[in-house]
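Quick note on labels: first sequence line is chain A, next is B, and so on, each numbered from 1.
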Protein chains: 4
Amino acid sequence: MTKGSRAAAKQARPREILEAAFEEFSLRGYAATRLDDIAARVGVTKGTIYVYFENKETLFETMVIELSQPKLDTQPSLSVLQGQSATAALVQLLSGAYDEILEDPYSREILRLLIAEKNTFQSLSRRFRDNFAGPIFAALREILQKGTATGEFGAHAAAIDPFLILSPILGYIVLDMVLPGESPAGAAFLAGHIDMVKRLVAATTVP
Amino acid sequence: MTKGSRAAAKQARPREILEAAFEEFSLRGYAATRLDDIAARVGVTKGTIYVYFENKETLFETMVIELSQPKLDTQPSLSVLQGQSATAALVQLLSGAYDEILEDPYSREILRLLIAEKNTFQSLSRRFRDNFAGPIFAALREILQKGTATGEFGAHAAAIDPFLILSPILGYIVLDMVLPGESPAGAAFLAGHIDMVKRLVAATTVP
Amino acid sequence: MTKGSRAAAKQARPREILEAAFEEFSLRGYAATRLDDIAARVGVTKGTIYVYFENKETLFETMVIELSQPKLDTQPSLSVLQGQSATAALVQLLSGAYDEILEDPYSREILRLLIAEKNTFQSLSRRFRDNFAGPIFAALREILQKGTATGEFGAHAAAIDPFLILSPILGYIVLDMVLPGESPAGAAFLAGHIDMVKRLVAATTVP
Amino acid sequence: MTKGSRAAAKQARPREILEAAFEEFSLRGYAATRLDDIAARVGVTKGTIYVYFENKETLFETMVIELSQPKLDTQPSLSVLQGQSATAALVQLLSGAYDEILEDPYSREILRLLIAEKNTFQSLSRRFRDNFAGPIFAALREILQKGTATGEFGAHAAAIDPFLILSPILGYIVLDMVLPGESPAGAAFLAGHIDMVKRLVAATTVP
DNA sequence: CATGAATGAGATTTCATTCAT
DNA sequence: AATGAATGAAATCTCATTCAT
């Protein structure tokens with residue numbers, strides 16, 4: 001089985017490198033990270049990285065794409081949201097988003113890297129929009145329309161910008177990025193967020 | 001007038017450098033920015049930068065501190081909020097925050113740099129918290145308590161985390177950072193944000 | 001043989017660099033020597049030096065230590081001096097010292113560098129004292145005492161400062177340093193030196 | 001008298017700079033010394049140095065020449081040595097040399113600088129030979145011949161290399177340079193030196 | 001005479017990338 | 001596949017020198 005396990009080790013090598021790259025890049029940023037550090041973290045030498053990746057830029061891009069892949073697979077599909085009330089769907093969508101952010105070790109840091117490198121890696125931002133932000137916005141728009149149509153939400157709900165509803169999540173992430181340890185607990189914030197959104201869409205009026 | 005102009009040039013030099021530094025740092029990030037580029041932007045040589053700043057690190061830190069100074073001067077003071085309803089104060093605080101973000105050429109980018117460099121320039125993050133975020137949170141907390149006490153807000157309002165109320169602003173900034181040009185217009189978003197907050201604090205109940 | 005030659009080249013590289021460093025440092029002094037020059041002398045590029053040495057300072061220190069090592073190995077040991085007359089031992093010690101100075105290509109120049117950099121590389125001076133000067137002084141002291149005890153030397157000999165006996169050697173080196181080509185021939189000077197020392201320790205009195 | 005004192009200050013300026021230059025150059029060596037440091041020591045700015053000296057090189061050379069001038073003035077002239085015994089002249093010459101070395105604050109350090117910069121400032125070494133070492137050697141040669149002629153010294157004395165007689169002084173300086181604080185007291189060493197030289201020239205024979 | 005801002009050449013050091021083994 | 005020695009381009013920083021005031 002040595003042959004098999006050796007093959008397995010080789011198979012795992014690129015992933016190991018990507019994970020080490022993630023750690024180093026998120027610690028120091030793209031430019032300040034040295035390939036030496038990444039290699040050392042994996043326990044190989046610099047040259048080995050070039051066996052698997054064309055160059056530093058490719059390594060970075062691949063890392064972002066590869067490590068944010070799982071999230072894309074668990075994206076809310078519109079179909080999943082059917083068969084329940086719009087409110088329930090809303091709650092599920094937000095809860096799912098927080099789950100991912102709080103539990104996935106990569107999402108926050110990758111978002112941070114995208115923010116940091118927005119001018120240098122614009123294609124990654126576009127990817128983020130197309131594969132990640134876009135579908136969520138679409139799902140949210142669908143829910144708002146459905147809720148309004150069924151009278152579950154107030155008449156104004158259909159006109160709400162989906163981004164307004166999602167923005168607290170991003171705000172939460174940012175606070176946690178800039179001032180780690182000073183943001184409110186994730187679960188508490190989620191509860192507040194859901195409560196706020198419920199009030200927002202509810203069929204009540206304000207002065 | 002030659003004498004005056006030389007003295008004036010000398011007086012203005014540090015500020016010129018800081019502004020050029022801002023442009024370059026926010027374009028490429030701290031590590032990838034070359035002092036050569038900053039110097040070229042000012043129209044001087046590398047050496048001149050070292051006449052005014054000890055090194056690259058100091059230049060960066062000074063730039064962040066200096067260019068975010070105006071904002072600190074326009075911070076909402078608690079006293080200003082007195083003499084008006086809690087709702088009006090809330091609206092004023094949020095409007096003020098948006099004004100600043102939409103009009104100040106620096107704030108968004110500096111926040112982005114803080115996010116990007118959170119591991120490398122932690123002291124700047126602390127500064128941001130103490131001088132910027134802290135006071136706003138305190139003012140907001142005050143407003144919530146006052147509004148609840150006077151019955152203007154619902155009983156639940158006092159317990160709302162101020163950060164929940166502010167988070168959409170940060171979310172807005174982030175979206176604009178990662179996907180420039182895709183965020184909703186600032187004024188429209190502000191209106192939506194204010195409406196949402198009004199509904200949040202209003203004395204109504206939701207299922 | 002290719003494998004062998006590459007390994008050999010690698011093995012020899014540090015020593016090559018140290019020798020080139022010696023040439024350049026002794027030509028221009030520590031501060032005025034450029035790593036470029038050292039690299040060019042070896043036939044590699046600047047970067048290669050950093051593969052083997054941490055920085056310029058380390059290179060200098062290592063060079064001094066490494067190239068003065070052979071001398072330490074040929075130091076007079078006290079045991080060698082036994083089994084012969086004190087006078088013979090004295091002559092042997094002095095002759096050995098001249099041999100080394102006249103034949104070793106490094107000693108004079110390294111001493112010169114130590115003199116030049118005494119404020120910048122004090123630890124090297126201490127090394128020189130402990131490993132080099134100290135043992136010779138000790139051996140000389142031993143000889144003086146033995147010669148006095150056996151009556152071979154005059155009674156005053158035991159009180160002679162060993163440094164007085166050795167100082168002409170240092171003086172010779174210095175003259176040769178400052179005015180190369182103007183110092184007397186080494187062999188002639190050694191003969192004169194030995195003669196002077198013999199007269200110094202002899203059991204005669206002077207007015 | 002303000003005018004006069006101001007003029008005096010101006011007159012003194014070059015000398016002040018030379019002395020500051022001496023301090024800094026002997027602390028760090030030629031290449032590592034910054035004109036800024038010298039200027040700061042005088043209490044002026046870098047530019048002022050250029051008012052009085054053409055460049056760094058000239059400043060260094062002028063400093064060495066100027067600060068070793070007093071010594072040249074007190075050089076032993078052959079005439080002074082006449083009218084006393086050869087032995088007395090010998091003692092006077094050596095004592096004078098030690099006096100100068102022990103008391104003059106510059107001589108040792110300047111010699112050190114000459115040693116350090118022998119390849120870069122060869123003209124200074126030549127100056128040293130012509131103005132300083134040369135005359136002393138000549139005087140010494142004269143004394144040896146005279147002492148031999150009068151029978152005061154042994155017959156072998158005329159053939160002694162003057163440098164052998166002087167070398168302990170240089171050796172003493174070197175030891176004090178490399179290992180400051182470890183050399184014997186100057187007065188004791190002088191006494192030993194004189195005693196050794198007396199024995200050397202005395203009309204005795206050794207086995 | 002004195003200043004000190006500005007220069008620009010050059011020095012050390014770093015590091016992504018290559019390639020022979 | 002993996003290594004690691006070597007490269008060379010580039011980045012930060014220094015400092016002697018100039019010159020307008």
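- As rounded to whole Å, 14 Å separates atom P of dT14(F) from atom CZ of Arg28(D).
- Glu61(D) contributes atom CD, which lies 8.5 Å from atom CG of Asn55(D) (distance to the nearest 0.5 angstrom).
- Between Tyr30(A) and Phe25(A), the ring-plane angle classifies as parallel under the 30° and 60° cut-offs.
- Atom pair Ile17(C):CD1 and dA5(F):C1' shows a separation of 11 Å (rounding to whole Å applied).
- How far CZ of Phe60(A) is from CG of Leu124(A): 6.5 Å, rounded to the nearest 0.5 Å.
- The CZ atom of Phe60(B) sits 17 Å away from the C1' atom of dT12(F) (whole-angstrom rounding).
- In this structure, the CD atom of Glu16(B) is 15 Å from the P atom of dA5(E), given to the nearest Å.
- Across the strands present, dA20(E) finds its partner in dT3(F); the criterion is a Watson-Crick or G-U wobble pair with both atom distances under 3.5 angstrom.
- Along DNA chain F, the nucleotide nearest to Val44(C) and the one nearest to Leu35(B) differ in position, and the one closer to the 5' end is contacted by Val44(C).
- One atom, CG of Asn55(C), and another, P of dC13(F), lie 16 Å apart when rounded to the nearest Å.
- Going from atom CD1 of Ile38(D) over to atom C1' of dA16(F) covers 11 Å, rounded to whole Å.
- Using N1 to N3 plus N6-O4 or O6-N4 for Watson-Crick, or N1-O2 and O6-N3 for G-U wobble, each under 3.5 Å, dT12(F) pairs with dA11(E).
- The side chain of Val51(C) sits closest to dA6(F) out of dA6(F), dT18(F), dT7(E).
- A search for ring-ring contact (aromatic ring centres under 6.0 Å, His included) contacts involving Phe128(A) returns Phe132(A), not counting sequence neighbours.
- Both Ile49(B) and Asp36(C) lie near DNA chain E, and the one whose nearest nucleotide falls closer to the 5' end is Ile49(B).
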Please lay out, stage by stage, how Leu59(A) and Leu35(A) fare under the test side chain to side chain contact (heavy atoms under 4.5 Å, CB included).
-> CA-CA 10 Å; Leu59(A) 173 60; Leu35(A) 291 187; 4.0 Å; yes
Give me, pair by pair, the N or O atoms of the protein and of nucleotides 8-10 of chain E that are less than 3.5 Å apart, along with how far apart they are.
residue	atom	partner	partner atom	Å
dG10(E)	O6	Lys46(B)	NZ	3.3

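- We find that CG of Leu59(B) is positioned 10 Å from P of dC13(F), with the value rounded to whole Å.
- Between the side chain of Arg112(A) and the main chain of Ile115(B), a donor-acceptor pair closer than 3.5 Å is present.
- Both Glu57(B) and Thr33(D) sit near DNA chain F, but only Glu57(B) has its closest nucleotide nearer the 5' end.
- dT14(E) atom C1' lies 12 Å from atom NZ of Lys56(B), rounded to whole Å.
- Checking the phosphate oxygens (OP1, OP2) of dA6(F), a side-chain nitrogen or oxygen of Tyr52(C) falls inside 4.0 Å.
- Formation of a donor-acceptor pair under 3.5 Å by the Asn119(D) side chain with backbone atoms of Arg28(C) is not found in this model.
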